[in-house]
Amino acid sequence: MSRPIAESDVLVVGAGIVGLAHACAALARGLTVTIIDRDARAVGASVRNFGHCCVTAQSGELLDLALVAREKWLKYSSLAGFFSTASGALALARSSTELAVLTELSESREPGQVELLSASDSRTLLRDGADATIVGGAMLRDDLRVDPREAVASIATWLAAQPGVTMLWQTSFFGAADGVAATSRGEIRAERTIVCVGHDLDYLYPDLAVSRAVERCALQMMRVEAPSGMVLRPAVLTGTSMLRYPAFAETGAAGALRDEVRANRADLLEIGANVMFTQRPNGTLIVGDSHRYATTMDPFQAEKTSRILLTEIARILGVDSVKVKERWQGIYASSPQQPFLIEEVAPGVTVAIVTSGVGMTISFGLAEKTLG
Ligand SMILES: Cc1cc2nc3c(=O)[nH]c(=O)nc-3n(C[C@H](O)[C@H](O)[C@H](O)COP(=O)(O)OP(=O)(O)OC[C@H]3O[C@@H](n4cnc5c(N)ncnc54)[C@H](O)[C@@H]3O)c2cc1C
């Protein structure tokens with residue numbers, strides 16, 4: 001029998017935010033941890049997103065997980081030394097229907113959690129000259145922001161420096177049984193293996209992916225120059241966001257909003273838009289997004305989709321156009337059946353993935369649930 005390349009209480013597969021959150025949770029329980037990733041650094045969904053921890057607009061168990069995760073984000077931001085801001089999120093209403101959704105949500109929550117804003121306060125928070133059609137808004141108090149590119153790398157670096165942690169990059173996982181994992185670099189011994197491979201679940205466990213209806217969701221994203229002097233602390237959400245995040249979508253007023261968007265902005269519905277943006281610490285804006293679903297994703301990005309998003313963002317900002325600095329496609333695991341998956345696939349081997357667009361929001365809460 002060959003010598004294992006690593007031995008620990010827990011093996012975490014995948015160094016995206018879900019894997020890193022599970023490694024943090026295991027370490028906090030005094031367990032030794034090996035983390036492996038097939039790449040030389042994380043380049044998956046966790047560095048391609050808005051860095052928006054969309055806490056307030058969750059409901060039910062997702063809200064509970066998000067509130068747990070919120071505390072952990074602040075804790076690890078301080079421990080690992082990366083940017084985070086308890087900025088909240090600004091949800092903009094550009095019609096009375098959108099305002100009705102925000103009002104209903106506000107009335108259902110404790111005072112201050114969803115604070116309604118006047119049109120002028122909403123526009124001032126955004127920028128002077130912002131879209132004149134804004135009729136009001138709401139501040140979603142409990143939302144956070146991090147810079148995804150910095151945060152994920154910083155947590156990985158911090159974890160690698162902790163006693164009891166072994167971090168192995170460029171190490172692919174093939175499978176595990178009886179406390180032994182097979183990888184591209186040799187065997188790893190661990191009492192428990194937690195598999196956090198996100199949208200690539202089907203490469204390892206195709207039957208599980210099929211039975212839980214897990215497929216890929218691709219989003220078109222861009223980084224653009226902000227209008228001169230613009231400083232934007234909160235994440236910004238719009239009407240299409242209200243159709244996606246559960247706390248908005250579950251309001252009685254959301255049905256009328258869906259009809260309104262269908263009647264007036266079929267182009268946004270067609271590309272599965274969630275028009276939103278965040279500002280990175282360097283001042284540029286991360287803007288998006290669109291949604292396409294497939295088991296194997298078509299790699300070609302329609303320029304029309306980007307144009308629709310950029311036009312809409314420019315309109316909200318109240319500028320003629322925005323200058324694009326980068327474009328990319330992000331892919332996350334998605335399922336209409338459940339927003340996340342924790343499943344024992346063999347004795348001591350657990351799959352833990354987020355199967356909706358809220359991995360940054362709930363990962364640290366999910367890890368607490370997986371580890372018990
Ligand atoms: C464009 C975009 C915007 C988003 N915006 C937000 C947002 O603002 N807020 C929010 O809450 N969520 C957002 N999400 C969702 C969120 O980013 C994801 O849910 C989350 O990042 C998933 O994390 P993960 O660790 O599972 O996946 P990933 O970050 O993709 O990590 C999976 C890792 O597993 C590794 N891996 C895969 N197979 C193997 C193997 N066999 N062996 C070893 N390693 C392997 C990969 O190399 C990768 O590093 C967004 C997603 C996208 C794509």
Side-chain angles (χ1 to χ4, degrees), residues 11-23 34-55 57-58 62 65-66 69-70 73 89 143-149 151-153 155-156 168-176 181-185 188 193-205 214 216-223 235-237 241 244-245 274 276-278 286-292 297 309 327-334 339-341 351-367:
L11 166 64
V12 173
V13 181
I17 192 59
V18 176
L20 297 178
H22 281 79
T34 304
I35 307 159
I36 63 171
D37 197 287
R38 65 182 174 199
D39 271 309
R41 64 194 165 89
V43 290
S46 304
V47 302
R48 301 182 191 205
N49 58 53
F50 294 95
H52 174 214
C53 303
C54 180
V55 177
Q58 305 307 319
L62 287 180
L65 294 176
R70 183 182 194 279
W73 269 115
D143 287 27
L144 293 184
R145 280 199 309 112
V146 296
D147 183 32
R149 303 178 195 201
V152 172
I155 298 170
L168 300 174
W169 297 103
Q170 292 177 281
T171 306
S172 292
F173 176 78
F174 300 145
T183 81
S184 53
R185 291 190 185 272
I188 296 176
T193 296
I194 305 175
V195 182
C196 307
V197 294
H199 58 270
D200 287 339
L201 175 71
D202 59 343
Y203 293 169
L204 290 168
Y205 301 105
V214 179
R216 289 177 174 78
C217 175
L219 297 80
Q220 283 179 222
M221 300 283 288
M222 287 143 290
R223 188 167 70 84
V236 177
L237 305 178
S241 318
R244 302 198 77 88
Y245 296 118
N274 170 10
M276 62 171 287
F277 47 97
T278 52
I286 300 178
V287 308
D289 59 25
S290 56
H291 294 78
R292 287 188 289 142
M297 188 52 65
L309 291 169
R327 295 169 193 263
W328 65 95
Q329 172 168 272
I331 297 183
Y332 64 71
S334 175
F340 60 83
L341 197 59
V351 163
I353 63 170
V354 177
T355 51
S356 57
V358 294
M360 293 296 272
T361 306
I362 67 164
S363 290
F364 283 105
L366 188 74

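Remember, it's 1-based here, ligands and their atoms both numbered in the order they're listed.
In this structure, the protein non-hydrogen atom closest to atom 31 (O) of ligand 1 is Gly16 CA, 3.5 Å. Regarding atom 32 (C) of ligand 1, its nearest protein heavy-atom neighbour is Cys196 O, 3.8 Å. Nearest protein heavy-atom contact of atom 30 (O) of ligand 1 is Ala45 N, 3.1 Å. The protein heavy-atom contact nearest to atom 6 (C) of ligand 1 is Asn49 CB, 3.5 Å. In this structure, the protein non-hydrogen atom closest to atom 43 (C) of ligand 1 is Arg38 N, 3.3 Å. Looking only at heavy atoms of the protein, atom 48 (C) of ligand 1 is closest to Asp37 OD2, 3.4 Å.
Close approach to His52 involves these atoms of ligand 1, each under 4.0 Å from a residue heavy atom: 7 (C), 8 (O), 9 (N), 10 (C), 11 (O). Residue contact check: Arg48 has heavy atoms under 4.0 Å from atoms 1 (C), 2 (C) of ligand 1. Against a heavy-atom cut-off of under 4.0 Å, Val358 is close to the following atoms of ligand 1: 10 (C), 11 (O), 12 (N). Atom numbering of ligand 1 starts at 1 in the shown order; those under 4.0 Å from a heavy atom of Gly14 are 33 (C), 34 (O), 35 (C). Under a 4.0 Å criterion applied to the non-hydrogen atoms of Met221, ligand 1 contributes the atoms 1 (C). Taking every heavy atom of Ser356 and a limit of under 4.0 angstrom, the matching atoms of ligand 1 come to 19 (O). If you number the atoms of ligand 1 from 1 as listed, the ones under 4.0 Å from a heavy atom of Gly198 come out as 26 (O). Taking every non-hydrogen atom of Leu219 and a distance limit under 4.0 Å, the qualifying atoms of ligand 1 come out as 1 (C), 2 (C), 53 (C).
Between Val18 and ligand 1, at least one N/O pair is under 3.5 Å apart.
Nearest heavy atoms, Val214 versus Leu341: CG2-CD2, 4.2 Å. Pairing each heavy atom of Val12 with each of Gly19, the nearest pair is CG1-O, 3.3 Å.
Comparing heavy-atom distances from atom 40 (C) of ligand 1 across Phe173, Trp328, Trp169 singles out Phe173 as nearest. Within the set Gly330, Ser46, Ala15, Ala69, the minimum heavy-atom distance to atom 27 (O) of ligand 1 is found for Ser46.
Put simply, the side chain of Arg327 never gets that close to the backbone of Gln220: no donor and acceptor are under 3.5 Å apart.
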